[in-house]
Amino acid sequence: MTDTPMLRAARRFQLQGKVVSCEPYGEGHINRTYLLITENDTWYILQQINHRVFLDVPALMGNIGRVTRHLAQDDPDPRHTLTIVNTLDNLDFYRDEEGDYWRVYVFVRQSLCLQSPRGKQDFYQSGYAFGRFQNRLTQFDAASLHETIPNFHNTPSRCEKLKTAVAEDVKGRLRLVRDEVDFAMARVQRAGRLQALQRQGRLKTRVTHNDTKLNNVLLDEQTGEALCVIDLDTVMPGLAAHDFGDSIRFGASTAKEDEQDLSRVSLSLPMYEAYAQGFLKACGKSLLMDELRTLPEGAWAMTYECGIRFLTDYLQGDVYFRIHREHHNLDRCRTQFKLVRDMEDRWEDMERILLELL
Ligand code: ADP
Ligand code: GN1
Ligand code: MG
């Protein structure tokens with residue numbers, strides 16, 4: 001095989017057999033992911049970690065090591081927890097001559113990674129997986145985790161970043177997004193609701209995943225059951241409502257995150273309910289009543305926040321989220337704002353459905 005930075009990196013890890021294939025894999029927006037296959041058909045995930053997004057990779061890998069060891073203690077099935085493969089020097093990452101950071105995970109075989117749920121059962125299972133993940137970490141000291149991206153889900157601080165991007169307008173794109181900016185600005189007040197409750201001590205700071213998209217969980221290929229939560233880069237102190245909400249914004253939408261035909265984008269209440277059932281079954285008993293009541297607000301906040309993050313990145317020239325076409329981040333922003341509006345229109349139903357499950 002021709003020598004590439006990926007293969008050179010792969011050779012630094014403790015793999016079983018020689019690499020025979022290394023291909024780009026998955027649909028993540030942040031890291032570069034490759035599927036590695038060796039001569040004896042052992043599969044691995046090789047990732048180039050985005051160190052412009054994650055500034056302290058050793059600390060990030062330290063978090064993942066500690067969290068996965070904690071999870072594996074409870075449940076020794078190797079397909080239930082992400083497994084880090086060490087380098088030949090016994091480190092959990094490799095830094096190459098270019099300064100790029102690499103890591104390897106065991107590939108979870110016979111698993112499904114979905115971009116949208118095939119039906120309510122898939123989404124129930126993903127809710128169960130993320131709920132179980134959070135529940136198993138209730139005894140883990142949140143304060144001991146490195147904050148891999150400070151203020152990651154601090155929505156008011158995201159609003160401030162948008163305001164700066166609007167004021168600077170470095171790419172001259174502001175004239176294209178006046179409506180979106182107005183939409184965002186009209187909602188700045190609501191954006192701080194969860195943080196205000198957290199400051200008042202009504203919401204508990206927990207160990208949360210913080211990036212609970214459907215494609216960050218693996219289901220069993222045969223049974224469709226919750227298997228393994230992946231993409232642990234943002235496991236940090238956070239709010240239960242954020243983990244609930246980020247899943248809803250992605251998986252309970254009737255269209256893809258980057259759909260251009262906005263008439264296709266809406267919130268599916270049956271999907272919302274299915275996720276809530278799975279999530280509450282796994283972690284409902286460990287949440288306080290105030291946390292449970294704010295789960296719908298988490299859905300609104302995560303959708304709004306993701307929309308303004310896409311908008312900010314569009315204004316800044318697509319420096320954060322990987323794009324695959326021109327105006328991709330603007331398309332993504334528009335789907336999120338369409339969902340936000342739909343959630344506002346159906347707010348009473350969202351609250352009622354959740355309360356009926358308690
Ligand atoms: P990103 O941060 O860029 O989203 P992820 O860690 O989510 O990167 O990985 C991207 C994709 O690679 C996932 O959505 C999933 O399809 C696949 N993947 C990652 N880790 C594993 C694993 N251990 N086993 C199987 N597939 C995986
Ligand atoms: C990114 O890494 P990935 O693709 O799973 C982002 C999330 C966003 C999501 C939007 C570290 O997730 O916060 O919600 O894109 N991750 C990071 O699809 O910023
Ligand atoms: Mg991911």
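Order of listing sets the numbers, starting from 1, for every ligand and every atom in it.
Grouping the Ile, Leu, Val, Met, Phe, Trp and Tyr side chains by contacts below 4.5 angstrom, directly or via other members, places Leu137 with Leu280. Cluster annotation: Val106 is not connected to Ile45 through the hydrophobic network of ILVMFWY side chains, with a link wherever side-chain heavy atoms come within less than 4.5 Å. Met271 and Met302 end up in different hydrophobic clusters when Ile, Leu, Val, Met, Phe, Trp and Tyr side chains are linked at under 4.5 Å. Phe13 and Ile230 fall into different hydrophobic clusters, where Ile, Leu, Val, Met, Phe, Trp and Tyr side chains are chained together by heavy-atom contacts under 4.5 Å. Taking hydrophobic clusters as Ile, Leu, Val, Met, Phe, Trp and Tyr residues chained together by side-chain heavy-atom distances below 4.5 Å, Val104 does not share a cluster with Phe107.
When heavy-atom distances to ligand 2 are checked against a 4.0 Å cut-off, Phe250 has no atom that comes that close, whether in backbone or side chain. When heavy-atom distances to ligand 2 are checked against a 4.0 Å cut-off, Glu257 comes that close only through its side chain, counted from C-beta outward. Under 4.0 Å from ligand 1, the heavy atoms of Gln47 that appear belong solely to its side chain. Contacts between Thr33 and ligand 1 below 4.0 angstrom, taking non-hydrogen atoms only, involve the side chain exclusively. With a 4.0 Å heavy-atom cut-off, ligand 1 is reached by the side chain of Ile230 but not by its N, CA, C or O. Contacts of Asn216 with ligand 1, taken as heavy-atom pairs under 4.0 Å, involve the side chain alone.
Those atoms of ligand 1 with a heavy atom of Leu82 less than 4.0 angstrom away are 23 (N). Near Gly28, the atoms of ligand 2 lying under 4.0 angstrom from a non-hydrogen atom of the residue are 4 (O). Under a 4.0 Å criterion applied to the non-hydrogen atoms of Phe54, ligand 2 contributes the atoms 11 (C). Close contacts of ligand 2 with Ile30, meaning ligand atoms under 4.0 Å from a residue heavy atom, involve 1 (C), 2 (O), 11 (C), 16 (N), 17 (C), 19 (O). Ligand 2 places these atoms under 4.0 Å from at least one heavy atom of Phe310: 10 (C). Listed by number with element, the atoms of ligand 1 under 4.0 Å from a non-hydrogen atom of Leu218 are 24 (N), 25 (C). Atoms of ligand 2 found under 4.0 Å from any heavy atom of Asn216 (numbered from 1 in listed order, with element): 5 (O). Listed by atom number, the atoms of ligand 1 under 4.0 Å from Gly28 heavy atoms are 1 (P), 3 (O), 4 (O).
The closest protein non-hydrogen atom to atom 11 (C) of ligand 1 is Gly26 CA, 4.0 Å. Among all protein heavy atoms, the one lying closest to atom 13 (O) of ligand 2 is Arg309 NH1, 2.8 Å. For atom 15 (O) of ligand 2, the closest non-hydrogen atom on the protein side is His29 CD2, 3.4 Å. Nearest protein neighbour of atom 26 (N) of ligand 1, counting heavy atoms only, is Phe107 CE1, 3.6 Å. Scanning all protein heavy atoms for the shortest distance to atom 17 (C) of ligand 1 gives Tyr25 CE2, 3.7 Å. Protein heavy atom closest to atom 9 (C) of ligand 2, with residue, atom name and distance, is Lys213 NZ, 3.7 Å. Closest to atom 14 (O) of ligand 1, if we only count protein heavy atoms, is Asn215 O, 2.8 Å. For atom 3 (O) of ligand 1, the nearest protein heavy atom (residue, atom name, distance) is Asn31 N, 3.0 Å. Looking only at heavy atoms of the protein, atom 19 (O) of ligand 2 is closest to Tyr320 OH, 2.5 Å. Of the protein's heavy atoms, Arg249 NH2, 3.3 Å lies nearest to atom 14 (O) of ligand 2. Counting only heavy atoms of the protein, atom 16 (O) of ligand 1 lies nearest to Cys113 SG, 3.1 Å. The nearest heavy-atom contact from the protein to atom 20 (N) of ligand 1 is Ile45 CG1, 3.7 Å.
Applying the 6.0 Å contact sphere to CD of Glu351 captures more than 12 heavy atoms from other residues, nucleotides or ligands. The environment of Arg173 atom CZ is dense: over 12 non-hydrogen atoms of other residues, nucleotides or ligands sit within 6.0 angstrom. For NZ of Lys120, the number of neighbouring non-hydrogen atoms (other residues, nucleotides, ligands) closer than 6.0 Å is 12 at most. More than 12 heavy atoms of other shown residues, nucleotides or ligands fall within 6.0 angstrom of atom CZ in Arg190. Other residues, nucleotides and ligands contribute at most 12 non-hydrogen atoms within 6.0 Å of the CZ atom of Arg264. Around the CZ atom of Arg293, the shell of radius 6.0 Å holds no more than 12 heavy atoms that belong to other residues, nucleotides or ligands.
Ligand 1 has Val106 within reach: a non-hydrogen atom of the residue lies less than 4.0 Å from it.
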- Query: Can Phe310 and Phe321 be said to form a ring pair (Phe, Tyr, Trp, His ring centres under 6.0 Å), step by step?
  - Reply: CA-CA 8 Å; Phe310 288 140; Phe321 296 104; 4.7 Å; yes
- Query: Where do Phe244 and Tyr275 land on the ring pair (Phe, Tyr, Trp, His ring centres under 6.0 Å) test, with the steps shown first?
  - Reply: CA-CA 8 Å; Phe244 177 83; Tyr275 187 91; 5.7 Å; yes
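Put simply, the residue from Val207, Val229, Leu60 that forms a side chain to side chain contact (heavy atoms under 4.5 Å, CB included) with Val235 is Val207.
Closest to atom 2 (O) of ligand 1 by heavy atom, among Asp211, Asn50, Asp231, is Asp231. Taking all heavy atoms of Asp233, Val108, Leu35, Thr234 into account, the minimum distance to atom 24 (N) of ligand 1 is reached by Val108. Closest to atom 7 (C) of ligand 2 by heavy atom, among Leu214, Asp211, Asn215, is Asp211.
In terms of modelled atom types and a separation under 3.5 Å, the side chain of Thr294 and the main chain of Glu297 share no donor-acceptor contact. Side chain of Ser266 to main chain of Thr254: no donor-acceptor pair is present (N/O by atom type, distance under 3.5 Å, no hydrogens or angles).
Counting backbone and side-chain atoms alike, Asn31 contributes no N/O/S atom closer than 2.8 Å to the Mg ion (ligand 3).
Using cut-offs of 30° and 60° for the angle between ring planes, the Tyr314 and His327 rings count as tilted. Below 30°, between 30° and 60°, or above 60°: for Phe337 and Tyr304 the angle between ring planes is below 30°, a parallel geometry. Using cut-offs of 30° and 60° for the angle between ring planes, the Phe93 and Tyr101 rings count as tilted.
Taking only nitrogen or oxygen atoms, main chain and side chain alike, Asp231 reaches within less than 3.5 Å of ligand 2.
Residue-level check: among N/O/S atoms of Asp231, OD2 sits closest to the Mg ion (ligand 3).
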